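All figures in this text were calculated on a predicted structure; none of them were measured in a lab.
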Amino acid sequence: RDHQLYEIMRNTYHKLKKFGKDGERALESLLVDESGFVRLWIAGALMIEGNPKARKVLEETIKLSGITGLNAKMTLQEYDEGNLTIAFPK
């Protein structure tokens with residue numbers, strides 16, 4: 001199920017990017033989505049692009065229990081180590 005959700009987010013991300021600034025605003029609006037997974041995935045992608053709000057979202061997401069919080073922690077760690085360079089690879 002998570003893989004299917006990831007694929008939906010990846011496809012949506014690339015479609016919205018085609019809309020320029022409007023697409024970027026739509027993506028940024030997902031930083032406050034009710035789903036921790038959505039916030040995690042989009043924050044990771046936007047952080048790679050240099051969005052200053054994205055890191056804060058990941059830092060807050062770390063506080064969630066379970067796999068979402070752990071994934072947020074690992075995302076920040078991998079980013080800080082320079083291992084994340086492409087948002088939602090095709």
Side-chain angles (χ1 to χ4, degrees):
R1 175 151 165 79
D2 287 345
H3 180 71
Q4 290 172 330
L5 293 174
Y6 176 84
E7 286 299 315
I8 291 169
M9 284 295 300
R10 186 177 66 81
N11 291 333
T12 301
Y13 171 84
H14 288 292
K15 287 177 185 176
L16 287 172
K17 290 298 282 182
K18 292 178 183 179
F19 289 97
K21 293 290 183 189
D22 289 336
E24 289 175 23
R25 280 190 291 275
L27 288 168
E28 192 170 290
S29 74
L30 294 173
L31 290 173
V32 295
D33 192 88
E34 65 183 45
S35 168
F37 278 117
V38 170
R39 291 192 310 272
L40 166 69
W41 290 333
I42 204 64
L46 294 179
M47 184 174 61
I48 291 167
E49 295 177 358
N51 184 302
K53 296 177 186 177
R55 183 176 191 94
K56 292 176 187 172
V57 169
L58 285 169
E59 290 169 348
E60 286 297 313
T61 305
I62 287 174
K63 298 174 186 176
L64 296 177
S65 63
I67 193 71
T68 305
L70 177 62
N71 280 342
K73 180 179 179 179
M74 296 307 298
T75 298
L76 281 173
Q77 181 178 323
E78 290 296 311
Y79 177 79
D80 289 343
E81 292 175 3
N83 297 325
L84 296 180
T85 57
I86 298 172
F88 292 109
K90 289 185 177 185

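- Legend: ring pair (Phe, Tyr, Trp, His ring centres under 6.0 Å) pairs involving residues 42-79, not counting sequence neighbours: none detected.
- The pair Glu7-Arg10 meets the salt-bridge criterion, with a side-chain N (NZ, NE, NH1 or NH2) lying under 4.0 Å from an Asp/Glu carboxylate O.
- Grouping the Ile, Leu, Val, Met, Phe, Trp and Tyr side chains by contacts below 4.5 angstrom, directly or via other members, places Phe88 with Leu58.
- Every residue two or more places apart in sequence or in another chain that forms a side chain to side chain contact (heavy atoms under 4.5 Å, CB included) with Asp80 is listed here: Arg55.
- If you take OG on Ser35 and CG on Leu5, they are separated by 7.5 Å, rounding to the nearest 0.5 Å.
- Counting only residues at least two apart or on different chains, the salt bridge (Lys or Arg N to Asp or Glu O under 4.0 Å) pairs with a member in residues 62-72 are Glu60-Lys63.
- Of all non-hydrogen atoms in Thr75 and Leu84, the two that sit nearest each other are O-CD1, 3.4 Å.
- Rounding to the nearest 0.5 Å gives a distance of 11.5 Å between CD of Glu78 and CG of Asn71.
- The side chain to side chain donor-acceptor pair (under 3.5 Å) search around Lys17 returns Glu49, not counting sequence neighbours.
- A continuous path of Ile, Leu, Val, Met, Phe, Trp and Tyr side chains, each step under 4.5 Å between heavy atoms, connects Trp41 with Leu70, placing both in one hydrophobic cluster.
- Listed by chain and number, the residues in a side chain to side chain contact (heavy atoms under 4.5 Å, CB included) with Pro89 are Tyr6, Ile86 (sequence neighbours excluded).
- Hydrophobic clustering places Val38 together with Met47 (ILVMFWY residues linked when any side-chain heavy atoms are closer than 4.5 Å, directly or through intermediates).
- Here the side chain of Thr12 pairs no donor or acceptor atom with the backbone of Met9 at under 3.5 angstrom.
- Of all heavy-atom pairs spanning Thr68 and Leu40, the tightest one is O-CD2, 4.3 Å.
- With hydrogens and angles disregarded, a donor-acceptor distance shorter than 3.5 Å links the side chain of Thr61 to the backbone of Val57.
- Taking hydrophobic clusters as Ile, Leu, Val, Met, Phe, Trp and Tyr residues chained together by side-chain heavy-atom distances below 4.5 Å, Met74 shares a cluster with Ile48.
- Note that CZ of Arg39 and CG of Leu30 are 11.0 Å apart. Values are rounded to the nearest 0.5 Å.
- Evaluation of the salt bridge (Lys or Arg N to Asp or Glu O under 4.0 Å) test over residues 25-36, restricted to residues two or more places apart or in two chains, returns Asp22-Arg25, Glu28-Lys53.
- Shown here are the side chain to side chain contact (heavy atoms under 4.5 Å, CB included) partners of Ile62, two or more places apart in sequence or in another chain: Ala72, Lys73, Leu76.
- Pairs engaging residues 45-65 under the ring pair (Phe, Tyr, Trp, His ring centres under 6.0 Å) rule: none recorded [sequence neighbours left out].
- Residues Leu16 and Tyr13 are members of one and the same hydrophobic cluster, defined by side-chain heavy-atom contacts under 4.5 angstrom among Ile, Leu, Val, Met, Phe, Trp and Tyr.
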